[in-house]
*Asks:* 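Okay, handing you the structure first.
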Amino acid sequence: MNQDQLKQLVGQKAVEYIHDGMQVGLGTGSTVKFMVDALGERVKNEHLNIVASQRLTARLLKPKH
């Protein structure tokens, strides 16, 4: 497994700890991008209501219809 694959795995695993109604401080960095992608999928598929700490990150989490 290369470094990006490991970061993706970590980001995806971290999302499992997030649940509806949470306020999430996501930060920045290369691993966070994978986490945001995975969390965005959960928001879209599970209709989660998540409050993100960064405007750009919050925009990425908004479900696209």
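Throughout, numbering of the chain's residues begins at 1 and tracks the sequence.
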*Asks:* Enumerate the residue pairs fulfilling salt bridge (charged side-chain N to carboxylate O under 4.0 Å, His left out) with a member in residues 14-24, sequence neighbours excluded, ordered by first and then second residue.
*Replies:* Lys13-Glu16

*Asks:* Please go through Leu9's hydrophobic cluster and name the other residues, only I, L, V, M, F, W, Y counting, with side-chain heavy atoms under 4.5 Å joining them.
*Replies:* Met1, Leu6

*Asks:* Check side chain to side chain contact (heavy atoms under 4.5 Å, CB included) between Ala14 and all other residues, then give those that pass, not counting sequence neighbours.
*Replies:* Met35

*Asks:* Under the side-chain hydrogen bond (donor to acceptor under 3.5 Å, both in side chains) test, which residues partner Gln3, sequence neighbours left out?
*Replies:* none

*Asks:* Quick one: list whatever passes salt bridge (Lys or Arg N to Asp or Glu O under 4.0 Å) with Lys33, sequence neighbours left out.
*Replies:* Asp37

*Asks:* Check whether any side-chain N or O of Arg42 sits under 3.5 Å from a backbone N or O of Leu48 as a donor-acceptor pair, and report yes or no.
*Replies:* no

*Asks:* When hydrophobic residues are tied together by side-chain contacts of less than 4.5 Å, even through go-betweens, does Val15 share a cluster with Val36?
*Replies:* yes

*Asks:* Say you draw a straight line from CD1 of Ile18 to CG of Leu39; how long is it, rounded to the nearest 0.5 Å?
*Replies:* 4.5 Å

*Asks:* Donor-acceptor pair, Glu46 side chain versus Val43 backbone, under 3.5 Å?
*Replies:* no

